[in-house]
There are 2 protein chains.
Amino acid sequence: MTTSRATIRDVAAQAGVSVATVSKVINDRYGVSASTIERVRAAIEQLGYESSLVARSLRNQRTNVIGVLVTDIEPFSAELLKGAAKAIRGTGYELVVYSAGGEAAHAVGWENRYLSRLSGTLIDGAVIVTPTVLAPSYGAPVVAVDPHTGGEDVPTIDSDNRRGAETATEHLLELGHRRIAFIAGRSDLESARLRETGFRAAMAAAGVPVDPALVVAGDYAEALSANAAHALLRLPDPPTAIFAANDISAIATMDMALTLGMQVPDDLSVIGFDNIPESTLTRPMLTTVEQPIQLMGQRAIEMVVAILRGEHPDPRQVRLPTRLVLRDTTAGPR
Amino acid sequence: MTTSRATIRDVAAQAGVSVATVSKVINDRYGVSASTIERVRAAIEQLGYESSLVARSLRNQRTNVIGVLVTDIEPFSAELLKGAAKAIRGTGYELVVYSAGGEAAHAVGWENRYLSRLSGTLIDGAVIVTPTVLAPSYGAPVVAVDPHTGGEDVPTIDSDNRRGAETATEHLLELGHRRIAFIAGRSDLESARLRETGFRAAMAAAGVPVDPALVVAGDYAEALSANAAHALLRLPDPPTAIFAANDISAIATMDMALTLGMQVPDDLSVIGFDNIPESTLTRPMLTTVEQPIQLMGQRAIEMVVAILRGEHPDPRQVRLPTRLVLRDTTAGPR
DNA sequence: CTGTTAGCGCCTTCAG
DNA sequence: CTGAAGGCGCTAACAG
């Protein structure tokens, strides 16, 4: 037990050569005799040696590793990771996902701290998911997914949040709803602002005034959204439909409606945003606006790889389409 | 742009002190005057300095990072990661997920290579998902999820694969099926062997012989499973039900049935294993055996953390229960 | 062909 | 209270 892992020195000692020679063998550099190579390889084999990624990346600039930085691994980022993993195949790069485990993430600027911790060493480039502040990149290429702002300098990937929100709202309107509530997302993210903008635009276009009491904060988070839903449904004149800024919030809303003894969609229509896999786990299944999340992850990786290869991907701001997915949580008001 | 990230030396220069002093401030060591601390903190702030994880981990033994090593990020591992991320919260540890991007993963022993690359440096402990060879751990605690073998030395987490497979088979049997096919999983994994064992045991218990032609390889993979399903359904005397060793295979089977113009469950019953979120995306929705995947990830992290804290978790081999989830892809044979 | 030297960014003695 | 020196594992010059 606990036999510390073999280092390059152990290999060198075992093979009776210098550390530098071992390094040469490992990296296929010229200038090592066949017999020495043989001996070194044998030692490596015997000791189960594998060069330390850390030591190596401290010394070299390139590591062949791309990082994906997330605050947490939840349904959205997990989908994104699937896409990222798909895109990484065949590129020769490896993927490292770094998650602070929620806590540190609350501090504004987590993305820059992470980036600073990993960049220059360990990763050649990074994808940052839902960053709130985007600092000058430290040399390594960075692509932001669903960033705090419509991006100016940094390449970004997002989806058409505004149009998606309009579509959702129009759907509710067409069903005959007029008292439509909106549970807003994280106010520090552009996506949340655009979803609210889309909601308001669709309402305005239909000539339906937005009751300020029906627009509440949900923060893309379960607990806060549940509270928000509770408050909305307890209003003297409650909404007949709720548009939640993401699926997590929509699911929390459905749970709360159930808790309050209401039937979805008979007593209340609910519509979400994202189309995470979990949205089909609810009963009834959630009607929602789909973002191509996996594709967003895929595109982000592709863009980082392209930049790493010295290319200059042209639209640096990629906006993917959204799409209404009709399921069973919306119906006309009674 | 491209201003290389600040190092501890930049901070030292900016604050007019030595590198060592900065290090002391960062790590809260005694022996620095209040005014110096102030100056150093200001410099850190101004430069946006964050110590390099790599340099740090090379120097120290502890990094406060736990690694999760996977061959790829697909539905199963993604679920597991959600659980792992949940478990990491509040522990003070951070999470790094390392994925080889499919390729390197094909080589046997990827887990040991990764572990060797990262262990001792970068990560304090690791969770390895579906390893095929488990070597002596290099000092750092390692927990294996769904390993190649019933684990002897290494702590492991898995679910009751055998019982789950029995349950699935019994369900098919109770519906009246007799020609039941089995699309097997990755033969290098204990889980796949146990699922097949469970299938055979249930068949034997019901006195139904297993037609060798109806047991085919699927490897837990989509392409191979689709082929397998095709072959099965083209048999002169095709099965009336197919039990696939995981949901990916089951979904591939459903797709193939559809391609061949068959109705599920009318012409063919299909049942899977895992209950990944994707299993509710099929139409009809997939009947399957649920493994508590997130919980497996959670438990694995908890165990690593416990060992890191010097505890000796008692059952070192944790087996979680499985459960039949009845949905819409099974019915009696015509 | 092989070994020696220096240094990546950081932290920890140990002197001053 | 502060700074200089050494070394973590590795690689890139340069010497022999």
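Each chain gets a letter, A, B and so on, in the order the sequences are listed, and its residues count up from 1.
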- Using a cut-off of strictly less than 4.0 Å, decide whether S18(B) has a side-chain nitrogen or oxygen near OP1 or OP2 of dG3(D). yes
- Look at the side-chain N and O atoms of N60(B) and state whether any lies under 4.0 Å from the OP1 or OP2 oxygen of dC11(C). no
- Query: Any side-chain N or O of R9(A) less than 4.0 Å from the OP1 or OP2 oxygen of dC10(D)?
  - Reply: no
- Task: Can you establish whether the number of heavy atoms outside E311(B) located under 6.0 Å from its atom CD is more than 12?
- Result: yes
- Task: Would you kindly compare A55(B) and R39(B) by the position of their nearest DNA chain D nucleotide and give the one closer to the 5′ end?
- Result: R39(B)
- Message: I'd like to know if R59(B) reaches the base of dC11(C) with its side chain, counting only an N/O donor and acceptor under 3.5 Å.
- Response: yes
- Task: Please check if the side chain of E74(A) supplies one atom and the backbone of S77(A) the other of a donor-acceptor pair under 3.5 Å.
- Result: yes
- Could you tell me whether S23(A) contacts a base, only the sugar-phosphate backbone, or nothing, with contacts defined as non-hydrogen atoms closer than 4.0 Å? base
- Whole angstrom value for the distance that separates P of dT12(C) from CD1 of I8(B): 10 Å
- Query: What does V17(B) touch in the nucleic acid at a heavy-atom separation under 4.0 angstrom: a base, only the sugar-phosphate, or nothing?
  - Reply: sugar-phosphate
- Separation of dG3(D) atom P from R29(B) atom CZ, nearest Å, is 18 Å
- Reckon S57(A) touches a base, only the sugar-phosphate, or nothing at all at heavy-atom distances under 4.0 Å? nothing
- Query: Is there a donor-acceptor contact under 3.5 Å linking the side chains of T132(A) and D188(A)?
  - Reply: no
- Task: Find the distance I123(A):CD1 to dG9(C):C1' and express it as a whole number of Å.
- Result: 16 Å
- Item | Phosphate OP1/OP2 of dT2(C): any S33(A) side-chain N/O under 4.0 Å | yes
- Query: To the nearest angstrom, how far is R56(B) atom CZ from dC10(C) atom C1'?
  - Reply: 8 Å
- Query: Roughly how many Å is it from CG in L58(A) to P in dG9(C), rounded to a whole number?
  - Reply: 7 Å
- Query: In whole angstrom, what separates R117(A)'s CZ from dG9(C)'s P?
  - Reply: 16 Å
- Message: Are the side chains of P155(A) and I307(A) in contact, using a 4.5 Å heavy-atom criterion?
- Response: yes
- Query: Can you check whether T21(B) has a side-chain N or O nearer than 4.0 Å to OP1 or OP2 of dT2(D)?
  - Reply: no
- Message: Between I66(B) and V96(B), is there a side-chain heavy-atom distance shorter than 4.5 Å?
- Response: no
- Task: Quickly work out the I26(B) CD1 to dT12(C) P distance and round it to whole Å.
- Result: 11 Å
- Looking at residues at least two apart in the chain, or sitting in another chain, which of them share a side chain to side chain contact (heavy atoms under 4.5 Å, CB included) with S57(A)? T63(A), L122(A), V54(B)
- Task: Would you tell me if any nitrogen or oxygen in the side chain of Y30(B) comes within less than 4.0 Å of OP1 or OP2 on dT12(C)?
- Result: no
- Would you say T36(A) reaches dT2(C)'s phosphate, i.e. side-chain N/O to OP1/OP2 under 4.0 Å? yes
- Message: What is the distance, to the nearest angstrom, from the NZ atom on K24(A) to the C1' atom on dC1(C)?
- Response: 8 Å
- Message: What's V19(A) touching, base or sugar-phosphate or nothing? Going by heavy atoms closer than 4.0 Å.
- Response: base
